[in-house]
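Numbering of residues begins at 1 and proceeds along the displayed sequence. Hydrogens, waters and symmetry mates are skipped; everything else that's a heavy atom, side chains included, is used.
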Amino acid sequence: MQSEHVAIGQIKEQFDRVESILDDYMFRLDITGKNALRFSLLTEEALRLAKSIAGEKTGVELWFDGNARVSHICLQLETTIDANKKQEFLSISSTGENKADRTFFDGLRDFFIKPEAPTWSLVEYEAELMKKRKDDKYSMEAWDNLERSLLASLADDITVGVKDNHVLMIITKDFSKSLSNVGSRKPIVISNQIYLNSEESILEAAYKKVDGCVESVNLSGKDKLRVKLLLEETIGMFEEMTGEFTALMWIEKYDGQCAIRLVGNTKIDADKKYDLLSMSTSGENALVHGFMGKVKDIIQTGILNYESVMKLKQEYNGVSVNYAGLGVYSDVGVATNPTAFSGMMWSMIDYKNELEHGKAENEGMMAAWDELEKSIVASVADDVIVGVKDNKVQMTIIYKMKEE
């Protein structure tokens, strides 16, 4: 569902109008309680960011798009920030240099001034800062500012596209129950990162880093063993990818919960993948085995296009089961909007629930359910959420701790 668009001139004067449209949007989608509060706070912070980028006099168009599961705050604005204006920003900083004493807003605002790439993503920015912060004092300061940012803490991602002087920013909030803890507060501790790519030597080194990664978040007993298994299974999944990939993986520990995060880029062999799809549409995708094999298949195919994911099927007892389509929960609005950022999301919990409801009347679903129950990841993790957009992959594995 898409809300009414509102053109904002003087942001302060028209916030009541924005609030009215937001209230109507959340009422129609039944977004209530803490979810409504967080989405309202995100909207306020988004307008603050728009103001800091465009200035008071520049018009901003705002609307909301999505559903009760995943919603977006969409901002479209024009920016005519030139080199002179950039110098004004630099003079405001205490050092006069575009490095230290900067807020999260400053870092994002620089993208609008002189973008280095067509798109910017909060998730990728966060992963890159984590990689650099040990050796780069400016990255450490940027990380501290990021952690203090309410917008960065509440949003699941912020994606920015810049073309000429036109800017489109989409702030995403995923209301999945399994992410309610992860997506609303800062982690107690964050582990070291594990770097992954297609080289066998790098993958071997990644396995060797698992123990240290788990130790760094102070887990005990069976929790330590289970999180270690989840890390190893995830690395193993990427060993079998059909193309080049690079990824960063780490653990975030929360109160009573852990999240294994993975952010990556991959280049898929499209010809090979389409060969697999031609088999899967006939229900003969015999090359995909096990739960993590299916997650891998969803990632690879989602990178090609959303429609192809819906064709992924596996034959069980002569019956085809659409294992990817059962778990997809991406909202159609943004996914099909050509001016926005297409992508898809898939959840193990949704997949499991749909299999459970259908297994009594469908032999194929019954066999898929049996396979799911035998999976190490499916039996240990509380949810696995996969997001795919262009050649970018995000994966979050949620584990509720048992020993604390």
Side chain proximity check, [X] to [Y], heavy atoms < 4.5 angstrom:
{"X": "Met395", "Y": "Val263", "answer": "no"}
{"X": "Leu231", "Y": "Met249", "answer": "yes"}
{"X": "Phe64", "Y": "Ile21", "answer": "yes"}
{"X": "Arg17", "Y": "Glu4", "answer": "yes"}
{"X": "Asp211", "Y": "Lys228", "answer": "yes"}
{"X": "Glu371", "Y": "Lys294", "answer": "yes"}
{"X": "Ser191", "Y": "Val217", "answer": "yes"}
{"X": "Leu262", "Y": "Leu248", "answer": "no"}

Open item on the list: Using the rule side chain to side chain donor-acceptor pair (under 3.5 Å), only one of Thr172, Asn67, Asp156, Asp157 pairs with His72; which is it?
Closed with: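 The option that passes is Thr172.
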Do you know the tightest heavy-atom contact between [X] and [Y]?
{"X": "Ser375", "Y": "Phe291", "result": "OG-CB, 3.4 Å"}
{"X": "Cys258", "Y": "Met401", "result": "SG-SD, 4.0 Å"}
{"X": "Arg38", "Y": "Ser180", "result": "NH1-O, 3.7 Å"}
{"X": "Phe175", "Y": "Ala68", "result": "CD1-O, 3.3 Å"}
{"X": "Met348", "Y": "Ala378", "result": "SD-CA, 3.7 Å"}
{"X": "Ala381", "Y": "Val384", "result": "CB-CG2, 4.1 Å"}

- [ ] Before giving the answer on side-chain contact (heavy atoms from CB on, under 4.5 Å), spell out for Arg28 and Met1 the whole-Å C-alpha distance, their side-chain angles and the decisive distance to 0.1 Å.
- [x] CA-CA 9 Å; Arg28 289 198 281 167; Met1 187 192 85; 3.8 Å; yes
Taking atom types as modelled, is there a side-chain donor on [X] or [Y] under 3.5 Å from an acceptor on the other?
{"X": "Tyr195", "Y": "Thr246", "result": "no"}
{"X": "Ser3", "Y": "Asp65", "result": "no"}
{"X": "Asp223", "Y": "Tyr399", "result": "yes"}
{"X": "Trp63", "Y": "Glu61", "result": "no"}

Between [atom1] of [X] and [atom2] of [Y], what distance do you get to the nearest 0.5 Å?
{"X": "Ser198", "Y": "Leu203", "atom1": "OG", "atom2": "CG", "answer": "7.5 Å"}
{"X": "Gln193", "Y": "Ser216", "atom1": "CD", "atom2": "OG", "answer": "11.0 Å"}
{"X": "Ile260", "Y": "Ile194", "atom1": "CD1", "atom2": "CD1", "answer": "9.0 Å"}
{"X": "Leu196", "Y": "Lys209", "atom1": "CG", "atom2": "NZ", "answer": "9.0 Å"}
{"X": "Asn218", "Y": "Lys224", "atom1": "CG", "atom2": "NZ", "answer": "9.0 Å"}
{"X": "Leu372", "Y": "Glu356", "atom1": "CG", "atom2": "CD", "answer": "10.0 Å"}

Task: Residues Leu42, Lys173; criterion side-chain contact (heavy atoms from CB on, under 4.5 Å); working and verdict - done: CA-CA 9 Å; Leu42 267 179; Lys173 186 62 186 174; 3.9 Å; yes
Is the backbone of [Y] close enough, under 3.5 Å, to the side chain of [X] for a donor and an acceptor to pair up by distance?
{"X": "Thr43", "Y": "Phe39", "answer": "yes"}
{"X": "Tyr25", "Y": "Ser20", "answer": "no"}
{"X": "Asn192", "Y": "Cys213", "answer": "no"}
{"X": "Lys253", "Y": "Ile251", "answer": "no"}

- [ ] Answer yes when Lys374 and Asp370 have at least one side-chain N-carboxylate O distance shorter than 4.0 Å, and no when they do not.
- [x]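 Result for this pair is no, no salt bridge flagged.
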- [ ] Given side-chain contact (heavy atoms from CB on, under 4.5 Å), test Glu354 with Lys359 step by step and report yes or no.
- [x] CA-CA 8 Å; Glu354 293 189 54; Lys359 64 182 181 178; over 6 Å; no
Open item on the list: Please determine whether side-chain contact (heavy atoms from CB on, under 4.5 Å) holds for the pair Gln257 and Glu252, giving the CA-CA distance in whole Å, both sets of side-chain angles, and the decisive distance to 0.1 Å.
Closed with: CA-CA 9 Å; Gln257 192 177 63; Glu252 296 175 357; over 6 Å; no
TODO: Give a yes or no on whether Tyr207 atom OH has more than 12 heavy-atom contacts from other residues, nucleotides or ligands under 6.0 Å away.
DONE: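 Check passes, neighbour count above 12.
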